[in-house]
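We name chains A, B, ... by the order of the sequence lines, and we start the count at 1 in each one.
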Protein chains: 2
Amino acid sequence: MERESRLAGTVRPGGRTAKVRAAVLQATQDELVERGFDGLGMDQVAARAGVGKTTVYRRWGTAARLVTDLMTELAEQSAPPPDTGGIDDALRANALSVLGAVNDPRLGATFQAVIAAATCNEEAATALRAFYTRRIAEWAEVVDAAVGRGELPEGTDGPELIRAVSAPLYYRLVVTREPVDEVVAERAAARALAAARAGAFIGAPGG
Amino acid sequence: MERESRLAGTVRPGGRTAKVRAAVLQATQDELVERGFDGLGMDQVAARAGVGKTTVYRRWGTAARLVTDLMTELAEQSAPPPDTGGIDDALRANALSVLGAVNDPRLGATFQAVIAAATCNEEAATALRAFYTRRIAEWAEVVDAAVGRGELPEGTDGPELIRAVSAPLYYRLVVTREPVDEVVAERAAARALAAARAGAFIGAPGG
DNA sequence: GGCCAAACGGGACTCTCGTTCCATTAATTC
DNA sequence: GAATTAATGGAACGAGAGTCCCGTTTGGCC
């Protein structure tokens with residue numbers, strides 16, 4: 001059953017409603033760190049936030065929506081890519097920023113939760129895709145600039161190259177569940193760069 | 001609460017127990033295709049399999065275990081890598097075999113379910129990791145053979161190269177949820193190969 | 001074929017999750 | 001600051017998932 005909820009776009013911003021939202025999202029993240037996504041109960045979130053469970057159900061409805069709202073909140077706080085330095089530094093910076101996010105206790109737990117929510121909830125999946133589309137587009141500009149400076153072959157597909165940097169990291173995180181450290185991150189950046197320099201990213205229609 | 005269940009290693013193989021297991025796993029896969037992992041109910045699986053729900057709870061306990069058992073069953077039916085042809089054909093074959101699995105209606109739904117189960121269940125995660133560890137090791141032998149024939153630089157890390165081929169596919173499947181087709185698969189293989197030829201896979205301690 | 005152990009099946013039971021109702025509190029408007 | 005509207009909170013309710021009990025069926029073994 002679909003429930004009309006405003007989430008971010010509240011009718012009366014600033015005031016009790018905003019306080020409730022902040023408290024609930026905070027409590028959600030705390031619970032994710034301690035119990036993970038499958039252990040996330042609306043009851044416990046409400047109790048932890050000092051809020052009635054009716055309110056949580058009314059405004060979010062499901063655990064997946066709770067996590068989705070938390071992600072969009074955190075997404076607005078992330079830093080933009082740098083526009084200085086060579087492309088090798090930029091790709092390394094990209095890999096390391098992913099690394100920093102997934103290895104941070106709070107962010108990492110949230111990350112895992114969002115991916116878990118996306119695997120069984122279409123709305124969460126859409127939000128996750130939108131987040132990465134924007135993030136990839138931002139970093140792709142850095143690639144375009146590098147192409148303009150002659151650091152990479154003409155026609156190099158920026159979004160594809162950025163995806164190629166983070167793909168190995170997420171593959172380890174989600175599929176094989178191997179630990180991800182600086183060595184893995186830097187190698188991912190180096191390998192993508194090597195393929196790009198060899199012209200392997202030329203001619204792909206961007207997404 | 002932990003429940004002792006045998007799953008694959010049944011005390012009395014062949015007979016009623018085996019029939020029940022086959023029927024339940026079949027029903028599980030059918031339900032996954034129709035409803036996905038989050039819509040998987042033990043009741044419905046039991047009913048569909050023509051089996052008492054008590055039996056399903058007794059032997060599997062949770063939906064995650066059901067899916068895990070299904071995966072280990074399917075894992076034993078998968079084809080080994082070819083040992084003929086050049087490394088470029090082999091990597092392409094690897095990417096296309098992943099593609100075939102995730103795009104097959106039944107296998108694809110099961111795949112998604114296993115990953116979903118792994119994100120919120122440690123046992124499923126362990127089974128998934130074990131599956132990929134074995135799969136990667138099998139294909140890494142093909143890489144080693146290519147190194148022996150001089151097709152790739154000495155010291156190329158086989159497991160890492162194989163991971164690099166499938167990583168972009170799973171990244172799309174799980175994280176960005178973009179469609180995965182032959183073009184994407186072949187590009188993934190080509191890019192990994194380009195990086196390998198450039199020596200970007202030399203010197204990584206294998207996993 | 002008869003005995004025993006193990007697995008299965010049905011039904012009742014409990015408990016958790018999610019919903020509904022309504023009184024209360026806070027924010028906006030005049 | 002009084003009226004109005006929207007959001008909150010508590011409590012009771014109902015549905016569904018998971019558990020338990022015990023009688024029945026099946027397969028192994030002599």
Side-chain angles (χ1 to χ4, degrees), chain A residues 1-28 31-32 35-69 116-117 120-121 123, chain B residues 1-28 31-32 35-69 116-117 120-121 123:
Chain A
M1 184 179 295
E2 204 57 20
R3 170 164 294 277
E4 182 188 3
S5 61
R6 308 281 152 63
L7 298 184
T10 320
V11 173
R12 293 184 175 180
R16 182 171 56 165
T17 297
K19 275 196 173 66
V20 167
R21 187 173 110 101
V24 168
L25 292 187
Q26 176 74 35
T28 299
E31 287 287 312
L32 285 180
R35 304 187 199 287
F37 179 65
D38 63 327
L40 191 65
M42 309 289 265
D43 288 19
Q44 290 158 7
V45 168
R48 186 161 202 157
V51 159
K53 98 173 165 173
T54 310
T55 299
V56 178
Y57 277 109
R58 221 186 337 245
R59 291 185 58 185
W60 288 275
T62 65
R65 281 191 166 182
L66 215 41
V67 170
T68 302
D69 195 23
C120 56
N121 180 279
E123 191 174 354
Chain B
M1 181 178 297
E2 205 57 20
R3 170 166 293 278
E4 181 188 4
S5 61
R6 309 278 151 65
L7 297 183
T10 320
V11 173
R12 293 183 176 181
R16 182 170 57 165
T17 297
K19 274 197 174 66
V20 167
R21 186 172 111 100
V24 169
L25 293 187
Q26 176 75 34
T28 300
E31 286 288 312
L32 286 180
R35 305 188 197 287
F37 179 65
D38 63 325
L40 191 65
M42 308 290 265
D43 288 19
Q44 291 158 6
V45 169
R48 186 161 201 156
V51 159
K53 100 174 164 170
T54 310
T55 298
V56 177
Y57 276 110
R58 225 188 331 249
R59 290 184 59 183
W60 289 275
T62 66
R65 281 191 167 182
L66 216 40
V67 170
T68 302
D69 195 24
C120 57
N121 179 279
E123 191 174 354

> B:Gln44 or B:Lys19: which one's nearest nucleotide on DNA chain D is closer to the 5' end?
Replying inline: B:Gln44
>> Please give me the minimum heavy-atom distance between A:Arg65 and A:Trp60, naming the atom from each residue.
In response: CD-O, 2.9 Å
>> So, taking the atom named CG in A:Leu66 and the one named OH in A:Tyr57, what distance separates them when rounded to the nearest 0.5 Å?
In response: 10.5 Å
>> Test salt bridge (charged side-chain N to carboxylate O under 4.0 Å, His left out) on B:Asp69 and B:Arg59; report intermediate values, then the result.
In response: CA-CA 11 Å; B:Asp69 195 24; B:Arg59 290 184 59 183; over 6 Å; no
>> Which nucleotide wins on minimum distance to the side chain of A:Met42, given the candidates C:dG18, C:dG11, D:dG18?
In response: C:dG18
>> With a 4.0 Å cutoff (strictly under), does any side-chain N or O of B:Arg58 reach OP1 or OP2 of C:dG9?
In response: no
> Side chain of B:Thr54: nearest nucleotide among D:dC21, C:dA12, C:dG18?
Replying inline: D:dC21
> Rounded to the nearest Å, what distance is computed from the CG atom of residue B:Leu40 to the P atom of nucleotide D:dA17?
Replying inline: 11 Å
> What is the distance from CG of B:Asp43 to C1' of C:dG10, rounded to the nearest Å?
Replying inline: 13 Å
> How many Å lie between CZ on B:Arg59 and P on D:dG18, as a whole number?
Replying inline: 18 Å
> Just one of A:Lys53, A:Glu31, A:Gln26 clears the side chain to side chain contact (heavy atoms under 4.5 Å, CB included) bar with A:Val45, so which one?
Replying inline: A:Glu31
>> Rounded to whole Å, how long is the line connecting atom CZ of A:Arg65 with atom C1' of C:dG18?
In response: 14 Å
>> Should the side chain of B:Arg16 and the base of C:dA7 be counted as holding a donor-acceptor pair, with the cut-off at 3.5 Å?
In response: yes
> Quick one: A:Trp60 CH2 to D:dT8 C1', roughly how many Å, whole number?
Replying inline: 12 Å
> Counting side-chain heavy atoms from C-beta on, which of D:dT8, D:dC20, D:dT19 comes nearest to A:Thr55?
Replying inline: D:dT8
> Can you find a side chain N or O atom of B:Tyr57 that sits less than 4.0 Å from OP1 or OP2 on D:dG18?
Replying inline: yes
>> Between the base of C:dG18 and the side chain of A:Lys53, is one N or O donor paired with an acceptor at under 3.5 angstrom?
In response: yes
